[in-house]
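Values below: all heavy atoms of this structure, side chains included; hydrogens, waters and symmetry mates excluded. Since we're looking at a predicted model, the values are computed, not measured.
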Amino acid sequence: MKILIKNAQVVLPSGTTATSVLIEDAKIVDIDPAMQVRADETIDAAGLHLLPGVIDDQVHFREPGLTHKEDLASASRACAKGGVTTFLEMPNTIPHATTQKLLDDKLALAANTSLVNYGFYIGATPHNIADLKNAQRTPGIKIFIGSSTGDLLVDEQDALERIFAETTLPICAHCEDEATVRANQAKYAGSTDVADHSKIRDHAAAVIATRRALDLARRHSHRFHVLHVSTADEIPLIADHADLITAEVCPHHLFFNVYDYARLGTLVQMNPSLKTADDNRALWQALQDGQIQVIATDHAPHTLQEKQQPYPKSPSGLPAVENSLALLLNEVNRGRCTLEQVVHWMCDAPARVWDIVDKGRIAVGYDADLVLVDMNLKATIENESQQTKCKWSPWRDVTLQGWPVRTWVGGHEVFHEGRFDVTRSGQAAKFDHARGGYWKTA
Ligand code: DOR
């Protein structure tokens, strides 16, 4: 099957240009403005931009075990709608994905039910070092250095030293210091004010844990990715280790801050917590300066009923995967960043951080994971039209300009004008860890 996409502004690694892209089966086979070929389908994409599909390297899709919140079918529809063609999912499902068998179970589930491409991290525990050393078909190891949703936690120094010393897969971590959080929880015991969430999971909690993880990575020369950076203070620490360490920021830490509790309450309760407007600004600047390379969502759905319980019974986390690209395209329209930067942060950089083979770029030989976006389209986010099973968004009633309109996964069109083709599944992403990460393949 050959598909020719003509007349789009195509975001290539060398810049954005009007050209034609030919897809044959699952691959991009030609890019040429003067292309004259007969294809099975020819798409006139005049007025639209063609981007590589987004790779979201931090999502929580809840299957198995928590499927009343989300499952791979609903989450991957949300991805297709949002222009996300590959997701890397976290291990705090039930059971926690901490062995090869449990990883393989998730891969088998996704092979049947995910509309988009997928990968699953293996979760670290204090006792599964053999599993971590031998894990295959995974982007890497996830450590909860501070606890969040679920009971995955490794905060004993000996266990952390062993993981960094004895394993070879790239490691990423949730960095909030458990001792600091517990001490703050005791201080605010009895509080039902969700704004106290940011005082309990405070700046110090994030900075102490990130510093500790960076020290481990440096001493053991281990590739390390800091998940969801939330404070300005972590940025210089990360920048000091740019040869070994990459970092990620989430849309909620760019767009929300502690003032939003008054408006949105527990809907914007998440871990790491919201910080200040100064932190928002510093995180944007760190993206611009290249100190943070990746934007990912930490999509963490809970039902509205669960979220509406009074703090601190309300769970942490929010859904974002179907709106993340639009949120950033809107910033392009506002002049805050360029389309090429968005493609770097959301497509190319995550592919390189996790050694994903043939994804993240529009280039000959790369996978035909593509998204057509309409930079002029304005639409308002509504709870009712969300594909995520939890059916709400913290960006409800927000109007954005710039939306995905058509998404291909491996050359197969999965989303077009509000409709999904669920007749084919995505594929397991391939990881070539011998490539050596972001800085070796940039
Ligand atoms: O707020 C969060 N929710 N942060 C996490 O790290 C986990 C997530 C979840 O799984 O609910």
Does the side chain of [X] come under 3.5 Å of the side chain of [Y] through a donor N or O and an acceptor N or O?
X      : Y      : result
Lys307 : His302 : no
Thr399 : Thr380 : yes
His228 : His174 : yes
Asp421 : Thr423 : yes
His197 : Asn271 : yes
Thr210 : Glu234 : yes
Glu306 : His68  : yes
Glu63  : Thr93  : no
Gln291 : Gln285 : no
His60  : Asp298 : yes
Glu248 : Gln58  : yes
Thr297 : Asp56  : yes

Where do [X] and [Y] come nearest, in terms of heavy atoms and distance?
X      : Y      : result
Val414 : Ala80  : CG2-CB, 3.7 Å
Thr85  : Val116 : O-CB, 3.4 Å
Thr98  : Asn128 : O-ND2, 3.0 Å
Pro139 : Gly119 : CD-C, 4.4 Å
Val371 : Pro52  : CG1-O, 3.7 Å

Of all pairs that satisfy side-chain hydrogen bond (donor to acceptor under 3.5 Å, both in side chains), the ones with a partner from residues 32-41, not counting sequence neighbours: Glu41-Arg406

Can you check whether [X] reaches [Y] side chain to side chain, under 4.5 Å on heavy atoms?
X      : Y      : result
Leu400 : Ile381 : yes
His49  : Leu372 : no
Phe61  : Ser114 : no
His433 : Thr168 : no
Thr338 : Val332 : no
Arg352 : Arg361 : yes
Thr407 : Leu370 : no
Ser20  : Leu4   : yes

Measure from the side-chain N and O atoms of [X] to the backbone N and O of [Y], and report whether any donor-acceptor pair falls under 3.5 Å.
X      : Y      : result
Thr99  : Leu102 : yes
Asp260 : Asn257 : yes
Thr266 : Gln269 : no
Asp369 : Gly410 : yes
Gln288 : Leu283 : no
His299 : Val321 : yes
Gln387 : Ser74  : no
Ser425 : Ala111 : yes
Asn7   : Asp44  : no
Asn280 : His253 : yes

Look at the aromatic rings of [X] and [Y] and report parallel, tilted or perpendicular, splitting at 30° and 60°.
X      : Y      : answer
Phe120 : Tyr118 : tilted
His222 : Phe164 : perpendicular
Trp345 : Trp284 : perpendicular
His225 : Trp354 : perpendicular

Are [X] and [Y] close enough for a salt bridge, meaning some N to O gap below 4.0 Å?
X      : Y      : result
Arg62  : Glu70  : no
Asp243 : Arg223 : no
Glu176 : Arg201 : yes
Lys101 : Asp104 : no

Derivation and outcome, side-chain contact (heavy atoms from CB on, under 4.5 Å), residues Arg218 and Leu244: CA-CA 8 Å; Arg218 172 55 60 207; Leu244 199 58; 3.8 Å; yes

Heavy atoms from other residues, nucleotides or ligands near NZ of Lys27 exceed 12 (cutoff 6.0 Å): yes

To the closest 0.5 Å, what do you measure between [atom1] ([X]) and [atom2] ([Y])?
X      : Y      : atom1 : atom2 : value
Cys337 : Leu328 : SG    : CG    : 6.0 Å
Leu132 : Leu169 : CG    : CG    : 8.0 Å
Cys390 : Leu318 : SG    : CG    : 9.0 Å
Thr303 : Lys391 : OG1   : NZ    : 14.0 Å
Trp392 : Gln308 : CH2   : CD    : 9.5 Å
Glu322 : Lys81  : CD    : NZ    : 4.0 Å

Asp57 vs Tyr121, side-chain contact (heavy atoms from CB on, under 4.5 Å): CA-CA, chis, key distance, verdict: CA-CA 10 Å; Asp57 83 355; Tyr121 294 93; 3.8 Å; yes

Sequence neighbours excluded - salt bridge (charged side-chain N to carboxylate O under 4.0 Å, His left out) pairs with any residue from residues 264-282: Asp278-Arg281

Sequence neighbours excluded - salt bridge (charged side-chain N to carboxylate O under 4.0 Å, His left out) pairs with any residue from residues 84-98: Glu89-Lys106

Verdict with reasoning, Trp403 to Leu329, per side-chain contact (heavy atoms from CB on, under 4.5 Å): CA-CA 7 Å; Trp403 284 92; Leu329 296 180; 5.9 Å; no

Worked check of side-chain contact (heavy atoms from CB on, under 4.5 Å) between Ile3 and Ile43: CA-CA 8 Å; Ile3 303 172; Ile43 294 161; 3.8 Å; yes

Face-on cation placement of Lys142 at Phe144 ring, 6.0 Å and 45° thresholds: yes

